[in-house]
Amino acid sequence: MKVPDNRGYFGKFGGKFVPETLFSCLEQLEATYKKVKKDKKFREELAYYLKEYAGRPTSLYFANNLSKLLGIRVYLKREDLLHTGAHKINNALGQILLAKFMGKKRIIAETGAGQHGVAVATVASLFGCSCDVYMGQEDIRRQRMNVFRMKILGAQVIPVKSGSRTLKDACSEAIRDWVTNVRDTYYLIGSTVGPHPYPLIVRDFQTVIGKEARRQILKKEGKLPDYLVACVGGGSNSLGLFYPFFNDKRVKFIGVEAAGFGLEDFNAASLIKGKIGVLHGAKSYVLQDDFGQIKNAHSVAPGLDYPGVGPEHAFYKSISRAQYVAVKDKASIEGFKLLSEVEGIIPALEASHAIYYLKRLAAKAKGATVLVCLSGRGDKDLEIVQEYINKNKD
Ligand SMILES: *Cc1c(COP(=O)(O)O)cnc(C)c1O
């Protein structure tokens, strides 16, 4: 099974829905990527930084207490142990090396909650590149600490004041910048979204998660797991885990989306509640109103707050290779507390959605072996959780 095809399609999803002027930028990127993928020096350099700088391989930890409590066998893939606290660094390191091979010294990115911006600012600092991060004015206000982190790391954060002043407006600005400055500028996208070849490139760089996990579980259990579970924002930690198991038909994939809060359900669940549309240069499921306008997503987890989802997930859904479920804010807070209390591991709120889902899965799959991607650590979310608990006391 080989997706995407040469035109960047996963079934009927994906593609390159961009202005004419961007086509040559994307083609240049695709050509270079194909070359470096086979380049021994590139691969060795990436492996070096993943190991020595980011801290790979991450452990596959058997969560004994949680397993006993739930009546299933739970393994956690510990991406929370990586430098900067989440899986995003895997992709950021891969793409900064790609930029280096292309001779580009200036990195641009867009960020919503700031986590991708921090990963990009980190690798830009490491490789001596200049770094401009577009961020909606509204997001800047909400995420002051991450803005400060980026600045400390030497990046410039450029406020975007147009539209709803959030992520989708920041995307538009980043694309505008790239078209104008493509000669010396590399556009570093943070998830399996955007026009081809980005969904392919980001997936490839994140498959290190699934490749390691597959080896590790075979060693520990002597067999493959029954389920893989991961949270889905844009889709990169989940695809990174799932893809190396694609041909293992007996291994079931479960993607956990954010259902947000309140009366309007499924607030960030693009695959469950979205309609097919084009966002950020690719065709996939998108949260939109009856007039096709993009809706803002809402989730307590900053990294799941995105109105679209990667086209490869739309494809997995269309062929029923993966099942998608949604977990609400309140339940994710419960997942956050559960893992902290029984295993002494404070998970990121994004991953807490996946942790909570284990409770539901356990009810119907007693005794199953379940491998969960713990995409990040929860230190960044302590304030959000504290505020949530205070607000919902009574
Ligand atoms: C950004 C982020 C996510 C969501 O992004 P994906 O591309 O869907 O993986 C999930 N978990 C953490 C910790 C994140 O920082």
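Numbering of ligands and ligand atoms starts at 1, following listing order.
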Quiz item: Within a radius of less than 6.0 Å around NZ of Lys161, do more than 12 heavy atoms belonging to other residues, nucleotides or ligands occur?
Solution: no

Quiz item: Cationic tip of Lys283 within the cone over Phe13's six-membered ring, i.e. under 6.0 Å and within 45° of the normal?
Solution: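 Lys283 over Phe13 ring: no.
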
Let me check something: any side-chain donor-acceptor pairs from residues 314-321 under 3.5 Å, sequence neighbours excluded? List them with distances.
{"from": "Tyr316", "atom 1": "OH", "to": "Glu312", "atom 2": "OE2", "distance (Å)": "2.7"}
{"from": "Lys317", "atom 1": "NZ", "to": "Leu271", "atom 2": "O", "distance (Å)": "2.8"}
{"from": "Ser318", "atom 1": "OG", "to": "Phe315", "atom 2": "O", "distance (Å)": "2.7"}
{"from": "Arg321", "atom 1": "NE", "to": "Phe246", "atom 2": "O", "distance (Å)": "3.2"}
{"from": "Arg321", "atom 1": "NH1", "to": "Val251", "atom 2": "O", "distance (Å)": "3.1"}
{"from": "Arg321", "atom 1": "NH2", "to": "Phe245", "atom 2": "O", "distance (Å)": "3.3"}
{"from": "Arg321", "atom 1": "NH2", "to": "Phe246", "atom 2": "O", "distance (Å)": "3.3"}
{"from": "Arg321", "atom 1": "NH2", "to": "Asp248", "atom 2": "O", "distance (Å)": "3.1"}
{"from": "Arg321", "atom 1": "NH2", "to": "Val251", "atom 2": "O", "distance (Å)": "3.1"}

Quiz item: Are Phe127 and Tyr49 near enough that their ring centres are under 6.0 Å apart?
Solution: yes

Quiz prompt | Nonpolar side-chain network containing Val133, other nodes, edges under 4.5 Å | solution = Val118, Met135, Ile140, Val147, Met150, Leu153, Val157

Quiz item: Apart from Tyr9 itself, what residues make up its hydrophobic cluster when side-chain heavy atoms of I, L, V, M, F, W and Y under 4.5 Å apart count as a link, directly or indirectly?
Solution: Phe17, Val278

Exercise. Could you name the protein residues that come within less than 4.0 Å of ligand 1, counting only heavy atoms, and order them by chain and residue number?
Key: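 Correct list: Ala86, His87, Lys88, Gln115, Ser191, Cys231, Val232, Gly233, Gly234, Gly235, Ser236, Asn237, Gly303, Ala348, Glu350, Ser375, Gly376.
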
